[in-house]
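Below: one structure, written as structure tokens.
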Amino acid sequence: MKINTRNLITAAIIGALYAVLTMVLAPISYGPVQFRVSEVLCILPFFMPYTSWGLFIGCIVANLMSTAGILDVVFGSLATLITCVCIAQCGKMGNTLRARLLACFMPVIWNALIVGATLTVALAGLNPLEDIGAFAVYAGQVGLGELGVMYVIGLPLMTYLPKKRFFSEFVAKHS
């Protein structure tokens with residue numbers, strides 16, 4: 001398999017940006033109530049699927065500071081990878097409003113379920129399968145934060161960026 005150096009560098013830069021944004025905005029990026037602005041970068045696999053791996057690695061680095069510890073490093077990062085792979089699949093549907101709406105929902109659902117369960121265990125010491133109420137609260141809080149980031153910031157960017165020459169040319173060069 002041939003590795004495209006430009007794509008690898010782009011993915012690494014996106015991953016580093018994810019980690020830096022998350023850590024700089026730490027007060028709102030971690031914990032049961034989070035508004036992780038860096039998650040908006042998860043729209044990029046819609047246009048450039050290879051950025052998924054950069055976002056995954058960036059999330060691992062960012063989650064090293066998480067209050068939920070190693071569980072968030074492992075499971076929170078896996079949630080981001082699953083999210084990005086799903087968003088890349090949505091991108092294959094074409095750049096339609098339906099595809100963009102669905103893509104923005106991927107971080108909401110995956111992070112609510114996986115990070116919600118992770119926080120239930122790591123912060124409350126409860127089993128999410130037995131303590132559905134606690135899990136629902138954590139999942140709801142994470143899901144609402146993701147909903148805000150993805151639909152208030154991400155969706156408009158998904159509509160705006162492809163109209164910009166610099167972005168469309170960049171994506172075309174790196175496809």
Side-chain angles (χ1 to χ4, degrees), residues 11 14-46 49 51-93 97-158:
I14 298 299
L17 186 57
Y18 181 100
V20 168
L21 272 172
T22 304
M23 292 185 282
V24 165
L25 299 173
I28 61 171
S29 296
Y30 300 102
V33 178
Q34 51 184 261
F35 190 79
R36 196 175 271 202
V37 177
S38 55
E39 283 287 302
V40 76
L41 294 170
C42 290
I43 67 168
L44 293 175
F46 187 85
T51 59
S52 298
W53 289 103
L55 288 160
F56 172 60
I57 300 299
C59 189
I60 290 172
V61 171
N63 284 348
L64 291 172
M65 288 184 55
S66 173
T67 53
I70 191 68
L71 289 176
D72 201 19
V73 173
V74 174
F75 295 105
S77 302
L78 283 173
T80 295
L81 181 60
I82 293 167
T83 289
C84 290
V85 169
C86 290
I87 289 173
Q89 290 301 309
C90 292
K92 291 181 180 180
M93 296 168 52
L97 178 59
R98 180 177 176 217
R100 292 190 307 267
L101 287 168
L102 184 60
C104 285
F105 190 65
M106 293 299 115
V108 176
I109 191 68
W110 288 110
N111 282 298
L113 293 174
I114 297 171
V115 176
T118 300
L119 295 177
T120 304
V121 173
L123 301 182
L126 301 171
N127 181 337
L129 298 174
E130 294 174 3
D131 297 289
I132 299 297
F135 166 69
V137 169
Y138 284 115
Q141 291 171 328
V142 171
L144 283 174
E146 288 289 338
L147 196 68
V149 169
M150 295 311 297
Y151 286 96
V152 172
I153 305 169
L155 186 60
L157 279 175
M158 290 179 85

task = Could you go through the side chain to side chain donor-acceptor pair (under 3.5 Å) check for E39 and Y18 one step at a time?
result = CA-CA 7 Å; E39 283 287 302; Y18 181 100; 2.5 Å; yes
Heavy-atom side-chain contact between [X] and [Y] under 4.5 Å:
| X | Y | result |
| --- | --- | --- |
| I87 | P107 | yes |
| Y30 | M23 | yes |
| L102 | M93 | yes |
| L55 | T83 | no |
| Q34 | S29 | no |
| F135 | N127 | no |
| S38 | L25 | no |

When rounded to the nearest 0.5 angstrom, what is the spacing between [atom1] in [X] and [atom2] in [Y]?
| X | Y | atom1 | atom2 | answer |
| --- | --- | --- | --- | --- |
| I14 | I57 | CD1 | CD1 | 14.5 Å |
| N111 | L147 | CG | CG | 12.0 Å |
| L155 | F105 | CG | CZ | 13.5 Å |
| L119 | I114 | CG | CD1 | 12.0 Å |
| I82 | F75 | CD1 | CZ | 10.0 Å |
| M106 | I43 | CE | CD1 | 15.0 Å |

task = For R36 and C59, run side-chain contact (heavy atoms from CB on, under 4.5 Å): C-alpha distance rounded to whole Å, both residues' side-chain angles, the deciding distance at 0.1 Å, then the answer.
result = CA-CA 11 Å; R36 196 175 271 202; C59 189; 4.0 Å; yes
Could you report the tightest heavy-atom contact between [X] and [Y], atom names first, then the distance?
| X | Y | answer |
| --- | --- | --- |
| P128 | V121 | CD-CG2, 3.5 Å |
| S77 | N63 | OG-ND2, 3.5 Å |
| Y138 | A124 | OH-CB, 3.7 Å |
| P45 | C84 | CB-O, 3.6 Å |
| V40 | I153 | CG2-CG2, 3.5 Å |
| G76 | V115 | CA-CG2, 4.0 Å |

request  = Using atom types as modelled and distance alone, determine if a side-chain donor or acceptor of Y151 lies under 3.5 Å from a backbone N or O of L101.
outcome  = yes
